[in-house]
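Here's the structure, in structure tokens; my notes come after.
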Amino acid sequence: MAEREAEIGFKKETVSKLLSSFFKEEKTKLSGDAALLVAEMLRVFVQEAAVRSQKQAESEDCDQVDIEHFEKILPQLLLDF
Amino acid sequence: MSDRDESQQRLKAAVHFTVGRLCQKTGEDNRRDFSRQVIASMAETAFRQCDIFAKDLEAFARHAKRSTVSTEDVKLLARRSTALSIYIQNRSEELNQEHRDLKKKNTGKRKARDTEEESRE
């Protein structure tokens, strides 16, 4: 089995509970592997948000990533996902 | 606060925690910190994105006449970006391989156990 290095990510259980709380129907369930994949997607989503915001801050010569940087990249991020 | 609100708050806090850690790592790699406001906004956005994911996944599963969301549904979720789609497909393959490896290991153990018991009789 390939060993994955300790990457920061969302816990399978958190994602499971999160998605389940948003399902409209009671009978809808989530497979274990599906939960793991959604956790990956969520991690990529946040990482993209972070990297794009940081690049925006860089292009504006700012020392810190602020809310306006995040706001500027948000529309495209949502469209890309 | 109702039970449901409480559990939602706990989930939001869990999301916020991981978002914070991811931002910290990105900040370290690029030597630029993220303001607390950004992390909070990102966490809120991620939380809301989960709602969208959940509704889409539920719709895909229902369309396939299933009540359990599968990896196939998640692959469909990633369709908008080619890179993301490939990444998720690869990860799904890795998980399948892990299952296959685990099965082989268990079958091997069972066969060895059975042979042992046979020779003892």
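Naming: A, B, ... by sequence-line order, numbering from 1 per chain.
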Quiz item: What part of B:Thr26 is in contact with chain A, defined as an atom under 4.5 angstrom from a non-hydrogen atom: side chain, backbone, both or neither?
Solution: side chain
Exercise. Tell me, for A:Glu68 versus chain B, whether the close heavy atoms (under 4.5 Å) come from the side chain, the backbone, both or neither.
Key: neither
Quiz prompt | Residue part contacting chain B, namely of A:Leu78, when any heavy atom lies under 4.5 Å | solution = side chain
Practice problem: Please flag which part of B:Leu57 lies under 4.5 Å from any non-hydrogen atom of chain A: side chain, backbone, both or neither. | Solution: side chain
Quiz item: So which heavy atom on A:Ile67 is nearest to which on B:Ser35, and how close?
Solution: N-OG, 4.3 Å
Exercise. Of all the heavy-atom pairs spanning A:Ser31 and B:Thr71, show the shortest one and how long it is.
Key: OG-N, 4.4 Å
Practice problem: Below 4.5 Å from any heavy atom of chain A, which atoms of B:Arg66 appear? Answer side chain, backbone, both or neither. | Solution: neither
Quiz item: Once you round to the nearest 0.5 Å, how far does CG of A:Asp66 lie from CZ of B:Arg36?
Solution: 13.5 Å
Quiz item: Who wins among B:Asn96, B:Leu95, B:Asp73 for the most heavy-atom pairs under 4.5 Å with chain A?
Solution: B:Leu95
Exercise. Against chain A, label B:Ala46 side chain, backbone, both or neither, depending on which of its atoms sit under 4.5 Å from a heavy atom there.
Key: both
Quiz item: Can you say whether A:Phe70 sits under 4.5 Å from chain B via the side chain, the backbone, both, or neither, judging by heavy atoms?
Solution: side chain
Quiz item: Under a 4.5 Å heavy-atom cut-off, does chain B meet the side chain of A:Phe45, its backbone, both or neither?
Solution: side chain
Quiz prompt | Region of A:Val51 that comes under 4.5 Å of a non-hydrogen atom in chain B | solution = both
Self-check item: Leading residue by heavy atom contact count with chain A [cutoff under 4.5 Å; candidates B:Glu72, B:Arg80, B:Glu58]
Solution: B:Glu58
Quiz prompt | Partner chain B: residue of A:Leu74, A:Leu18, A:Leu37, A:Val15 with the largest heavy-atom pair count (under 4.5 Å) | solution = A:Leu37
Self-check item: Which portion of A:Ser20 sits near chain B, non-hydrogen atoms under 4.5 angstrom
Solution: neither
Quiz prompt | Interface moiety of A:Asp63 toward chain B, non-hydrogen atoms closer than 4.5 Å | solution = backbone
Practice problem: Tell me, for A:Glu71 versus chain B, whether the close heavy atoms (under 4.5 Å) come from the side chain, the backbone, both or neither. | Solution: neither
Quiz item: Side-chain heavy atoms under 4.5 angstrom apart, residues restricted to Ile, Leu, Val, Met, Phe, Trp, Tyr: same cluster for B:Phe53 and A:Phe23?
Solution: yes
Quiz item: With respect to chain B, which residue among A:Leu30, A:Leu79, A:Asp33 yields the maximal number of heavy-atom pairs within a distance under 4.5 Å?
Solution: A:Asp33
Quiz item: Which region of B:Leu84, side chain (C-beta onward) or backbone (N, CA, C, O), has a non-hydrogen atom less than 4.5 Å from a non-hydrogen atom of chain A, or is it both or neither?
Solution: side chain
Quiz item: Which distance, rounded to the nearest 0.5 Å, do you find between the OG1 of A:Thr28 and the CZ of B:Arg62?
Solution: 7.0 Å
Exercise. Check side chain to side chain donor-acceptor pair (under 3.5 Å) between A:Asp80 and all other residues, then give those that pass, not counting sequence neighbours.
Key: A:Arg52, A:Gln76
Quiz prompt | Per-residue contact mode, B:Phe47 against chain A (heavy atom under 4.5 angstrom) | solution = both
Quiz item: Under a 4.5 Å heavy-atom cutoff, which of A:Glu48, A:Glu25, A:Lys17, A:Gln47 has the most pairs with chain B?
Solution: A:Glu25
Practice problem: Output the distance between atom CD (A:Glu58) and atom CD (A:Glu60), rounded to the nearest 0.5 Å. | Solution: 11.5 Å
Quiz item: Given a strict heavy-atom distance threshold of 4.5 Å, which part of B:Arg4 is in contact with chain A: side chain, backbone, both, or neither?
Solution: side chain
Quiz item: Any side-chain donor paired with an acceptor under 3.5 Å for B:Gln97 and B:Glu93?
Solution: no
Self-check item: Pair B:Asp101-B:Lys105, salt bridge (Lys or Arg N to Asp or Glu O under 4.0 Å): steps then yes or no
Solution: CA-CA 6 Å; B:Asp101 289 346; B:Lys105 219 167 65 174; over 6 Å; no
Quiz item: For the salt bridge (charged side-chain N to carboxylate O under 4.0 Å, His left out) test, which of B:Arg31, B:Arg32, B:Lys25 pairs with B:Asp29?
Solution: B:Lys25
Practice problem: Would you mind checking which part of B:Gln37 comes under 4.5 Å of any heavy atom in chain A, side chain (CB onward), backbone (N, CA, C, O), both or neither? | Solution: both
